[in-house]
Structure formats: C-alpha cells, structure tokens
Amino acid sequence: MEKKVRVRFAPSPTGGLHLGGMRTVLYNYLFAKQNKGDFILRIEDTDQSRFVTGAERYIFDCLKWAGLEPDESPIHRGNYGPYRQSERKEIYRKYAEQLVADGFAYYAFDTPEELEKMRQDFKTGKNPSPQYDHELRNKMKNSLTLGEDEVRRFISEEIPYVIRIKMPEKELVSFNDMIRGEIHFDTSLVDDKVLLKADGMPTYHLAVVVDDYLMKITHAFRGEEWLSSAPVHILLWKYLGWKKEMPQWAHLPLILGPNGKLSKRDGAQFGFPVFAMNWNDPKNGEMTEGFKEKGFLPEAFINFLALLGWNDGTEQEIFTKEELIQRFSMERVHSGGAKFDYEKAKWFNHEWIKRKESQDLKPAVRNILVEKSIAEIDDQLLDKVISLVKDRCTLLTDFYDQSVFFFRTPDQYDLTSVQPKWGESKKLFFSEIIRNYELNTDWSATVLETNFKEIAAANKIKPGEVLSTFRIMLVGGKFGPGVFDIAAILGKDNTIQRIKKALTIF
RNA sequence: GGCCUGUUCGUCUAAGUGGCGAGGACGCAAGAUUUUCAUUCUUGAAACAUGGGUUCAAAUCCCGUACAGGCUACCA
C-alpha cells in the first residue's frame with residue numbers, strides 16, 4: 001500500500017510572508033490536494049530571540065485569504081501535534097543525545113567569544129570564513145578533544161554546551177531532488193552544524209528532520225537556499241536510523257526582485273507589493289503593503305504565483321485552483337530562479353476581474369467603496385455598475401475611480417476639454433435635451449441615444465461635438481463606459497439634475 | 001575564498017529520449033474598432049551567455065570559461 005502523501009510548510013514567524021513563501025505554500029498545497037494527501041503547517045519558532053508578536057496569526061490570515069488552508073496546524077488540529085516547535089522542545093534533546101551516544105554527534109563547550117576568536121585566528125585571504133569542520137574541531141573545546149572526565153565535569157557544572165553533528169571526514173552524500181535530479185556533496189567541505197543550542201532548543205537542522213519524521217512527511221519542498229545544508233539533513237536521516245522514511249526533496253528556485261533576491265525594500269522602491277497581505281511590523285511600526293490590499297484577487301494571486309516557475313507544457317496561462325491541482329507537477333518546475341514581473345501580475349488580475357461575475361466581485365468592490373466613504377450602496381445598482389466597468393479595472397481598487405460618479409455627482413469637471421467648444425448653441429442644445437428627456441417615458445440607453453442624435457441633427461450639431469461634453473457633465477472627465485449606459489443607470493432625475501448643474505458651471 | 005545551483009526575446013516561459021525558418025504570454029510599437037478611456041482584434045520589433053568538441057544534424061549531449069544567485073551563525 002502506498003503511503004499517504006503528507007507535505008508541510010514550515011515558516012518561522014518572524015515577519016511578512018513574501019512571494020517566495022507563498023509560492024512554496026501553493027506548491028505544497030497543490031501537490032497535497034492532487035495526491036489526496038495532507039497539507040501541514042508547522043511553525044518553526046526555535047529561535048526565541050526572533051519572536052515577533054502577531055507573525056503567526058498573520059501567516060494564517062494570508063493562507064486563508066489565498067484559499068490555501070492547511071489540514072493540520074496549531075489551529076487546525078491533527079494527530080501529529082503540537083505543531084509549534086517551541087512546544088516540542090522536550091522531544092529533540094533525546095534524539096540529539098542519541099546521536100552523541102552513537103558517535104554521530106558531540107558536545108561542544110566553546111563560547112561565542114571563543115568561536116569568534118577561532119574565526120579571526122584562522123581567517124586567511126584564501127579562506128575568509130573558516131568552518132567548524134572535521135579539521136578545526138580538533139582544535140576546539142569539545143567532547144572529542146576533552147577527556148571523558150572533563151566532559152562529565154563540565155556538564156555537571158552546568159557549563160553551557162551545544163551538540164554538533166560530526167561530519168564524516170570524507171564521504172559522498174547524494175540525494176535525488178525532484179526538480180534538479182541527482183545532487184552530490186563532499187562531506188569534507190561541510191561543517192559540523194549545531195543541532196541543539198545551549199538554550200536547549202534545536203536548530204532548524206535537527207528540528208526539521210525530527211519533525212518531518214514524526215509527522216510522517218513524505219515530500220519536503222523548500223526554497224533553494226536550503227540546498228547547501230541538505231547533506232546535513234540527509235546524514236541525520238541516516239544516523240537516526242530513518243533512512244527508509246526520508247521524504248523526497250524538492251528545492252524550489254528563488255523568486256528574484258529587479259536586482260537579485262526579492263526583498264521588502266524592492267516593494268517600497270519599485271512600487272509593488274512583496275507580501276501577500278499588509279504587514280505591520282510591531283517592532284518599528286512600519287507597514288509593508290500586501291497584494292490583497294493593493295487590489296489583487298486571490299485567484300489571480302495564486303495563478304501568477306503558480307506560473308512563476310511552472311507551466312503545464314501547453315499555452316494555457318489562466319488556471320483556476322482546481323485546474324492547478326489537477327495539472328501541477330513538481331517535475332515541470334523550472335530550475336532557474338525567476339524574476340518577478342509586476343506588470344504581468346497585474347495582467348493576471350485584470351484577466352480574472354474580467355472573467356468573474358459581478359456577483360462574485362461584489363463583496364470586495366463594496367468594501368473598497370465603503371472605505372472611500374461611499375455609504376448606502378444599492379445592491380442592484382452595484383451589480384449593474386460592476387458589470388459595466390469591470391473591463392477597465394486592473395486592480396480591485398480601480399473600481400473606485402471607475403465608478404464613483406455613479407454614486408456621487410461630480411464636483412470637479414474637466415473644463416479645459418469643454419470650454420473651447422462651449423457656446424450659446426451648445427447651451428441651447430442641452431436645454432432641449434433636458435426638455436426632451438424630462439418627457440421621456442422609456443429611460444433606456446438606446447432611446448436616450450436616438451433622442452440625443454435627433455436633437456443634435458435638428459440643431460445642426462454633429463453628435464461628436466456634444467457627446468464628450470455630455471460625458472463630462474455626468475462623469476466629470478473623459479473616461480468611463482458609454483455615456484448613454486451611464487445615463488440609463490443614473491436614472492432620469494439624476495441625469496437631468498447633473499446636466500442642469502453643469503450648465504451653471506460651464 | 002570554498003561549496004552548491006542556475007543561464008532561451010526586457011520579463012515569465014515552450015520546444016517528451018538531438019532535425020525549427022526557435023513557439024506562446026506580459027510589456028513595448030503601429031494600425032482597426034469603440035465619437036472618451038479601457039476592452040477586443042490585426043501586425044511588428046525582440047532570445048538559444050561564451051569557447052571548444054561529439055554528430056550528417058545541437059537550444060537539446062560532453063568539457064572549459066564567463067555571468068548570476070544561494071549557503072558558508074548556538075537564524076530560519
């Protein structure tokens with residue numbers, strides 16, 4: 001029987017969730033759903049000095065907004081908890097000690113100052129950053145160099161120590177990456193990573209393999225930045241005796257900003273979001289804008305994220321979540337890093353807005369209008385307005401500019417476009433329009449248009465000369481849907497009132 | 001410096017195991033439609049990092065070089 005697929009996303013709650021993290025979530029989610037497996041969210045909060053209040057909550061909010069909710073997590077329950085590593089603290093020491101007992105790890109008593117001194121002392125032009133490796137460990141203060149008695153004494157005296165993995169002097173470690181294929185490492189070049197810190201917390205290296213094992217993870221997807229520490233993890237799986245249970249790895253390519261690795265600075269600098277949702281940093285009060293607040297639809301967000309490094313081999317670009325679940329495959333993920341293109345991201349959003357029914361857009365649009373203090377929005381009116389203007393909205397926030405005039409009489413007019421052509425004959429024309437429209441019983445766009453043109457002809461005015469003026473009267477500027485469609489939605493009283501008002505101003 | 005990973009139009013990418021005049025999309029440019037703006041439609045410019053091999057044939061396989069990115073913490 002095949003093992004049930006279980007994947008996990010394991011962020012550390014230290015700040016905003018950026019594009020790369022969200023894409024890792026997405027790929028995990030798609031893979032899990034495609035294989036009828038479980039998607040687990042595990043909080044990697046082993047570094048207590050980096051704790052940020054609200055960061056965990058924020059992660060959940062982002063996943064919920066994007067529609068990528070986990071099956072198991074600190075707040076979704078599950079049978080493999082707890083799902084916060086800080087709450088699993090007691091679990092890890094046992095395994096670290098086991099590794100020491102089996103000769104795969106050792107105690108190290110070097111203080112941070114001593115480590116710093118070592119790095120200074122052994123630094124050369126050829127080797128700017130010396131590692132605590134199979135050679136240097138012989139010159140340091142650890143259970144390999146100290147006598148057994150001394151080690152016992154140190155421990156009983158509660159001298160702080162860490163547990164480090166003992167990398168083999170010369171061994172070839174290989175594994176098969178789902179995206180990159182066979183990858184090899186020479187252990188003589190890898191350092192003795194700390195597994196258990198002096199405060200008793202595990203480092204990522206220990207925690208990730210212990211938890212992946214205990215949580216029965218079958219496939220481990222993470223960013224490319226983890227590739228170089230993969231040999232440590234592979235060896236740990238072996239040393240702990242779990243080699244047969246080791247998940248399949250896939251190291252996802254990085255998402256790059258305009259110049260190198262995507263950073264939140266890029267957002268501020270280039271005017272696009274990098275986080276899924278607004279992130280308020282409690283430490284400095286700074287707010288970083290998110291895709292949600294910028295006006296992105298979750299469907300579009302997921303869609304462009306999925307295509308950033310993956311495609312199904314066809315020329316299709318617009319995918320629903322269901323289609324993505326069906327078509328996704330890790331093997332088709334491109335191995336090179338991808339530079340994020342905000343213009344294309346906006347195009348995806350535009351496509352999604354155009355495709356969606358105004359019904360489905362309504363809640364989000366209503367929120368945006370309410371935020372701009374447009375109260376009392378008639379539901380039916382909103383429906384009509386949305387379907388009329390959505391083609392010209394790239395971001396949800398565009399709905400404001402594109403539809404304010406339905407809810408508010410313009411108080412500013414594009415006068416420079418009106419006045420050069422303005423005159424008595426035009427005034428006369430519009431008073432006639434008012435008279436005609438007042439008597440109008442069928443208030444539909446087509447009727448309004450024919451009447452308008454007839455009156456223009458009777459006055460020997462080309463419709464083109466007054467059409468844009470009419471638009472400015474109703475809207476304030478030269479934009480928006482067809483004028484008669486607007487007038488039809490505005491209704492008789494409102495339309496006539498706006499013409500009258502404009503007549504007093506022009 | 002060392003190790004690891006990458007490298008097709010400006011950007012995202014396609015081209016199952018070598019046979020293309022290198023395809024699509026975003027963006028850009030031009031035109032048509034829309035008596036506004038946007039949509040829509042048509043057209044166009046635009047790429048195999050580089051040097052060697054292997055082969056009748058290489059974007060595709062091999063080696064070197066360059067460039068880019070990641071890692072090199074008691075951070076993840």
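Here is the naming used below: chain letters follow the sequence lines, and residue numbers restart at 1 for every chain. Note that the coordinates shown come from a computational prediction; the quantities given were computed from them, not determined experimentally.
- Ion pairing between a basic and an acidic side chain is recognised when a charged N comes within 4.0 Å of a carboxylate O; Asp191(A) and Arg164(A) show no such pairing.
- A heavy atom closer than 4.0 Å to some atom of RNA chain B occurs in no member of residues 397-406 of chain A.
- Legend: residues meeting salt bridge (Lys or Arg N to Asp or Glu O under 4.0 Å) with Glu116(A), ordered by chain and number and at least two apart, are absent.
- A ring-centre distance under 6.0 Å is not found for Trp226(A) and Phe221(A).
- Classification of Asp212(A) and Arg8(A) as a salt-bridged pair holds, one side-chain N sitting under 4.0 Å from a carboxylate O.
- Searching all strands for a Watson-Crick or G-U wobble partner of rU42(B) with both distances below 3.5 Å returns rA30(B).
- Look at the P atom in both rU11(B) and rG69(B): the space between them is 14 Å, to the nearest Å.
- Counting to the nearest Å, the C1' atom of rC26(B) and the CH2 atom of Trp352(A) are 18 Å from each other.
- In a base pair of the Watson-Crick type (N1 to N3 plus N6-O4 or O6-N4) or a G-U wobble (N1-O2 and O6-N3), with each distance short of 3.5 Å, rC61(B) is matched with rG53(B).
- RNA chain B is contacted by no residue of residues 207-215 of chain A, taking any non-hydrogen atom closer than 4.0 Å.
- Aromatic ring pairs are classed by plane angle as parallel below 30°, tilted from 30° to 60° and perpendicular above 60°; the pair Phe452(A) and Phe429(A) is perpendicular.
- Although no hydrogens or angles enter the test, the distance criterion places a donor-acceptor pair under 3.5 Å between the side chain of Thr145(A) and the main chain of Met140(A).
- Taking a pair to require two hydrogen-bonding distances under 3.5 Å in either a Watson-Crick or a G-U wobble arrangement, rG21(B) remains unpaired.
- Contact check on Lys356(A) versus Glu351(A) returns no salt bridge, with no Lys/Arg side-chain nitrogen under 4.0 Å from an Asp/Glu carboxylate oxygen.
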So if I define the base as every atom that isn't primed, P, OP1 or OP2, how would nucleotides 11-16 of chain B read as a B/S/- string at a heavy-atom cutoff under 4.0 Å?
BBSSS-
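- In this structure, Lys478(A) atom NZ and rU34(B) atom P are separated by 17 Å, rounded to whole Å.
- rU36(B) and rG44(B) have their P atoms separated by 27 Å, given to the nearest Å.
- Partners of Lys166(A) by salt bridge (Lys or Arg N to Asp or Glu O under 4.0 Å), not counting sequence neighbours: none found.
- Between rA66(B) and rG52(B), the two C1' atoms lie 14 Å apart (nearest whole Å).
- Between rA73(B) and rC61(B), the two C1' atoms lie 41 Å apart (nearest whole Å).
- Side-chain contact between Pro253(A) and Val333(A) is present, with at least one heavy-atom pair separated by less than 4.5 Å.
- Among the protein residues, Lys346(A) comes within range of no part of the nucleic acid, since none of its heavy atoms lies under 4.0 Å from any strand.
- Of the residues in residues 480-488 of chain A, those placing a heavy atom less than 4.0 Å from an atom of RNA chain B are Gly480(A), Pro481(A), Gly482(A), in numerical order.
- At whole-Å resolution of the value, NZ in Lys123(A) and P in rG2(B) are 16 Å apart.
- Checking rU35(B) for Watson-Crick or G-U wobble geometry (two distances, each under 3.5 Å) identifies no partner in any strand.
- Applying the side-chain contact (heavy atoms from CB on, under 4.5 Å) test to Pro410(A) and every residue at least two apart in sequence or in another chain returns Tyr413(A), Arg498(A).
- Going from the C1' atom of rA76(B) to that of rU39(B) covers 46 Å, rounded to whole Å.
- Nucleotides rC20(B) and rU8(B), compared at atom C1', are 13 Å apart to the nearest Å.
- When rounded to the nearest whole Å, the span between NZ of Lys421(A) and P of rU35(B) equals 15 Å.
- Within the shown strands, nothing qualifies as a pairing partner of rA73(B) under the Watson-Crick or G-U definition with both distances less than 3.5 Å.
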In B/S/- notation, 5' to 3', how is nucleotides 62-76 of chain B contacted by protein heavy atoms closer than 4.0 Å?
-------BBSBSBBB
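- In this structure, Glu158(A) places its CD atom where only 12 or fewer heavy-atom neighbours from other residues, nucleotides or ligands lie under 6.0 Å away.
- With Trp422(A) as the aromatic partner, Lys426(A) does not meet the cation-pi criteria of under 6.0 angstrom to the ring centre and within 45 degrees of the ring axis.
- The distance between atom CZ of Phe348(A) and atom P of rG27(B), rounded to the nearest whole Å, is 11 Å.
- In a base pair of the Watson-Crick type (N1 to N3 plus N6-O4 or O6-N4) or a G-U wobble (N1-O2 and O6-N3), with each distance short of 3.5 Å, rA66(B) is matched with rU7(B).
- Judged as a side-chain hydrogen bond (donor to acceptor under 3.5 Å, both in side chains), and not counting sequence neighbours, the contacts of Gln85(A) are Glu44(A), Asp211(A).
- A salt bridge links Asp186(A) with Lys170(A); the closest basic N to acidic carboxylate O contact falls under 4.0 Å.
- The pair Lys141(A)-Glu114(A) meets the salt-bridge criterion, since a charged nitrogen lies less than 4.0 angstrom from a carboxylate oxygen.
- The pair Glu465(A)-Lys460(A) fails the salt-bridge criterion, with no side-chain N (NZ, NE, NH1 or NH2) lying under 4.0 Å from an Asp/Glu carboxylate O.
- Put simply, CG on Leu189(A) is 10 Å from P on rG2(B), counting in whole angstrom units.
- Distance NE2 (His251(A)) to C1' (rU5(B)): 11 Å, rounded to an integer number of Å.
- With sequence neighbours excluded, the residues that form a salt bridge (Lys or Arg N to Asp or Glu O under 4.0 Å) with Glu87(A) are Arg84(A).
- Shown here are the side-chain hydrogen bond (donor to acceptor under 3.5 Å, both in side chains) partners of Asp121(A), two or more places apart in sequence or in another chain: Lys117(A).
- Annotation: proximity of residues 456-473 of chain A to RNA chain B (heavy atom, distance under 4.0 Å) is found for Pro463(A), Gly464(A), Leu467(A), Arg471(A), numbered in ascending order.
- You'll find the ring centres of Phe304(A) and Phe291(A) inside the 6.0 Å limit.
- Salt bridge annotation for Arg50(A)-Asp47(A): present, with a cationic side-chain nitrogen under 4.0 angstrom from a carboxylate oxygen.
- For the pair Phe185(A) CZ and rG2(B) C1', the computed distance is 13 Å after rounding to whole Å.
- Nucleotides rU13(B) and rG27(B) have their C1' atoms positioned 15 Å apart, rounded to a whole Å.
- Look at the C1' atom in both rA22(B) and rC48(B): the space between them is 8 Å, to the nearest Å.
- Residues Glu449(A) and Glu351(A) both approach RNA chain B. Their nearest nucleotides, taken by heavy-atom distance, put Glu449(A) toward the 5′ side.
- Electrostatic pairing of Glu97(A) and Lys94(A) does not count as a salt bridge here, judged by no charged N lying under 4.0 Å from a carboxylate O.
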